Amino acid sequence: MKRDTSYGATAEAAAEGQLAWYRDTAKSSMAGLTAVRHTTRQNGRAALWLEIDHHWAGQSRARKRVEVFVPGTAAGSISSSSTPP
């Protein structure tokens, strides 16, 4: 779950900003990135759930990353998962 306004105050803006960073292979080391967005709710608030398929630069093994973006900020609540499909 990501509660961070670095890329925007809404879940959509934050997700777009994070995806833009991920798409910069030089910064993120991710390549071949595709993302599917799902609207959802988290603790009664509108949220955006992303399913991200990618591989690490220089590797061919497919990876899947799932992230949920909610509006607002909360210190220490940023986490994500990157596991093989």
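Given the structure is predicted, the values throughout are model-derived calculations rather than measurements. Note that these values count all heavy atoms, side chains included, but never hydrogens, waters or copies made by symmetry.
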Of the non-hydrogen atoms in L19 and L33, which two are nearest, and what is the gap between them?
-> CD2-CD2, 4.1 Å
Identify the two heavy atoms, one from L50 and one from A15, that lie closest to each other, and give their separation to 0.1 Å.
-> CD1-CB, 3.9 Å
Hey, are the side chains of [X] and [Y] touching, using non-hydrogen atoms and a 4.5 Å cut-off?
| X | Y | value |
| --- | --- | --- |
| R63 | W56 | yes |
| I52 | T34 | no |
| Y22 | R65 | yes |

Pairwise distance CZ(F69) to CD(Q42) - rounded to 0.5 angstrom = 13.0 Å
Kindly compute the distance separating NE2 (H54) from OG (S29), expressed to the nearest 0.5 Å.
-> 10.5 Å
Applying side-chain contact (heavy atoms from CB on, under 4.5 Å) between E51 and each of E67, K64, R37, report the one that passes.
-> K64
Apply salt bridge (Lys or Arg N to Asp or Glu O under 4.0 Å) to R23 and list each qualifying residue two or more places apart in sequence or on a separate chain.
-> none
T25 side chain to M30 main-chain N or O, any donor-acceptor pair under 3.5 Å?
-> yes
